[in-house]
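Notes follow the structure.
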Amino acid sequence: MYRTHTCGELRVENIGTKVTLSGWLQKNRDLGGMTFIDLRDRYGITQIAFNMETNAELCTQARKLGREFVIQVTGEVAERYSKNKKIPTGEIEIIATDLKVLSKSEVPPFTIEDQTDGGEDILMKYRYLDLRRNPRQQALMLRHKMSIAVRNYLDKQGFIDVETPVLIKSTPEGARDFVVPSRMNEGNFYALPQSPQVFKQLLMVAGYDRYYQIVKCFRDEDLRADRQPEFTQIDCEMAFVEQEDILNTFEGMAKHIFKMFKNVDFNEPFKRMPFSEAMAKYGSDKPDLRFGMEINNLTEISKGKNFKIFDDAEYIGGICAVNVVDKFSRKAIDKLTDFVKKPQIGAQGLVWIKYDADGTFKSSIDKFFGAEDLQQIAQKFDAKPNDIIFLISGNYDKSLKILGDLRLELAKELNLIDNNKFAPLWVVDFPLVEWNEETNRFHAMHHPFTSPKPQDISMLETEPAKVRANAYDFVVNGVELGGGSIRIHDSEVQRKMFDTLGFTPEEAQNQFGFLMNAFKYGAPPHGGIAYGLDRWVAMFNNSESIKDVIAFPKNNSGKDVMIDSPSPVSKEQLDELKLLIKKD
RNA sequence: GGUCUGGUAGUUCAGUUGGUUAGAAUAUCGGCCUGUCACGCCGAGGGUCGCGAGUUCGAGUCUCGUCCAGACCGCCA
């Protein structure tokens, strides 16, 4: 028997008990006459004491043990002379009588501590050592508990877990597919699913009216802190439902896990905000509602003052920062101007209006705007003395996006964000399609099976960009935690949709024929949602990056530096697959 | 594909205007130490300054290229 207890469970009640513990040597404190060892496993740390006076041979042996040795210790639980209040086992120690090295360790490249001395690169390369650290173990245990909670909740609601294939068919819509060559079908490829979308719809056709799966999805796109090439979705689909039914069901699930893991009660229904409002007020389809500073449209009242830039602009909008005018020296405003002029943000310039403490206005457009004009703008914001207003003008969509970025930047700079707050909402009424400049055609904003709003269907052939979809995103604190839609279950509507997206009937049949055929045999009205498990766990774990809550994540370039993948394959493998690597 | 930041000891970092033998902390190793728990004290070893070229009497420092890492933009139905 390797152990009678874990390293986290012994307390004063166990004093006098003979125990055996196994674990990793966290730290060896050699005091000469005595040696203390901190023994660690995932349950905690227990101190082992060795004494030269009582057992010189064993103590000498203990002094030689290095960090991260795996050892087994037998001894008696004793009360400490000097107690450590910082850890749960701090009142006891083990007086060792036997010691066995189960496995030696080389000196690890970084310290296995909560605050490690290792940098990103080396932690990734030795991920298995990084994962020994307590914060990592806590994160993975949180993920485990959240998965269980989700499964239990959905099970109680009558959802059944059905696995769907991983080797599927590549489709032209959406993200780039990861492809897998088929040996038995020369020149043909599987694709890894971007989501189990069509399969869950087929399950609805098959009559499994409540489906869920916690499932890996794959997208071959460039990465971010909150994006990995493989990530995990809580994927759900329901039949005989309208949008309202889905929102209610999954709002219930969201509230359940907020209560369970953060002890947060949401007594009111989550806010529902149309996409158009989110863009107009927050310049984002995933607004952070932890703070105000909403965007105001100033187009009407800012034109006709002989300021050419405004007069030529399609849109003029602004945001107002409250009671901080003294923080905006010339230098601070220049810095902010530099921020919005960065190529990533893309503004041409930044107009400011200071509402000074004495009630007067100063602005970068004083030449064109008199006190009354500025007062009129200030009124739009209900601005008070000591406030400052920033204006952006230009193209409607772009200006709003810039204002949205500026709003977030200001909130960060001015510390307006309460990190203990959760501000959830549903963003609804997304556009069905958006114009893509590169391909010169409409692309589905969500996916090609998303149902248009019935009252908008008539515009599908005339003004597709104006058609709203029965699509929704779940957003918390400016992070998109999930999204979904009501699907099309009518072949005629689906045909129109493919037509709008520029598919010929033959292409549609070739790509999605199996789904359209299925719909010929009685498809129930259905819809669904997918929550991003990684993002959700990261948020509850207060992590900046989803890498923190994935055991073996990939780096910025999609590489796993631990196993060194992706990597070349042998010529034999390529031959077998009838593949040639093209050299350029 | 683009923008920005970084790469110096095992690790995390400092390194002034281009100028002597490239430092600190931590880790490691050796010695001392009987109540430590970030143990303490003394000592030691440890460097292709990412790589390549250039400017210069002289480059960790300046220039160009390149590789790697990170954040962001494009992209992500």
Side-chain angles (χ1 to χ4, degrees), chain A residues 26-39 45-54 56 59 63-64 66-68 78-87 89-91 93 106-126 129 171-177 193-195 197-198 217-229 231 338-339 341-346 401 405 409 430-434 436-438 442-450 469 471 480 483-485 497 501 512 530 532 544-545 547 555-557 559 561:
Chain A
Q26 173 81 18
K27 194 131 218 175
N28 193 332
R29 285 183 296 278
D30 177 5
L31 276 63
M34 297 194 76
T35 285
F36 297 103
I37 282 176
D38 286 342
L39 193 65
I45 286 179
T46 299
Q47 176 167 287
I48 319 294
F50 298 87
N51 196 316
M52 279 310 244
E53 234 169 54
T54 55
C59 190
R63 288 163 79 165
K64 290 181 194 150
R67 279 164 53 207
E68 300 305 311
E79 189 166 10
R80 291 204 201 178
Y81 290 128
S82 47
K83 296 182 177 174
N84 183 351
K85 294 267 156 43
K86 289 182 210 158
I87 58 172
T89 61
E91 292 191 63
E93 64 193 0
E106 287 185 20
V107 176
F110 48 84
T111 57
I112 314 292
E113 308 272 355
D114 288 8
Q115 293 294 325
T116 177
D117 63 1
E120 190 94 8
D121 296 17
I122 197 119
L123 293 174
M124 286 287 267
K125 184 166 178 194
Y126 298 91
L129 295 182
T171 56
E173 281 280 312
R176 205 172 287 118
D177 284 319
Q194 298 174 26
S195 85
Q197 185 57 40
V198 290
C217 302
F218 306 85
R219 291 176 195 176
D220 186 9
E221 296 291 348
D222 285 4
L223 308 182
R224 292 285 188 281
D226 63 350
R227 261 194 253 158
Q228 284 274 303
F231 59 97
D338 287 344
F339 170 81
K341 284 170 94 172
K342 281 197 301 188
Q344 285 96 320
I345 309 289
K401 199 183 154 290
D405 290 338
E409 175 70 13
F430 275 82
L432 184 70
V433 296
E434 59 186 339
N436 185 301
E437 295 288 345
E438 264 172 47
F442 285 104
H443 280 212
M445 196 146 172
H446 188 57
H447 57 56
F449 320 111
T450 300
E480 182 199 326
S485 65
M497 180 68 179
L501 295 176
F512 302 111
E544 292 289 316
S545 167
K547 286 183 205 161
N555 76 4
N556 223 10
S557 342
K559 290 181 193 158
V561 292

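Proteins come first, then strands; the chains are lettered A, B, ... in the order of their sequence lines, and each starts at number 1.
Within the 4.0 angstrom heavy-atom criterion, only backbone atoms of the sugar-phosphate kind lie near A/Arg67; the bases stay farther away. Among the protein residues, A/Glu113 comes within range of no part of the nucleic acid, since none of its heavy atoms lies under 4.0 Å from any strand. Within the nucleic acid shown, A/Lys86 comes within 4.0 Å of sugar-phosphate atoms alone, with no base atom in reach, counting heavy atoms only. Using a 4.0 Å heavy-atom criterion, one finds that A/Ile345 contacts no nucleic acid atom at all. Contact annotation for A/Gln26: no contact, since no heavy-atom pair falls under 4.0 Å across all strands.
Atom CD of A/Glu68 is separated from atom P of B/A27 by 14 Å (rounded to the nearest Å). Computed from coordinates, the A/Leu223 CG to B/A71 P distance equals 9 Å when rounded to whole Å.
Ranking B/G35, B/G74, B/U34 by closeness to the A/Arg224 side chain, first place goes to B/G74. Looking at the side chain of A/Asp30, the nearest of the listed nucleotides B/U11, B/C33, B/C75 is B/C33.
A/Arg29 and A/Asp38 are joined by a salt bridge, as a carboxylate oxygen and a charged side-chain nitrogen come within less than 4.0 angstrom of each other.
Of the two residues near RNA chain B, A/Phe110 and A/Lys547, the one whose nearest nucleotide lies more 5' is A/Phe110.
Partners of A/Leu129 by side chain to side chain contact (heavy atoms under 4.5 Å, CB included), not counting sequence neighbours, listed by chain and number: A/Pro108, A/Pro109, A/Phe110, A/Ile112, A/Tyr126, A/Arg132.
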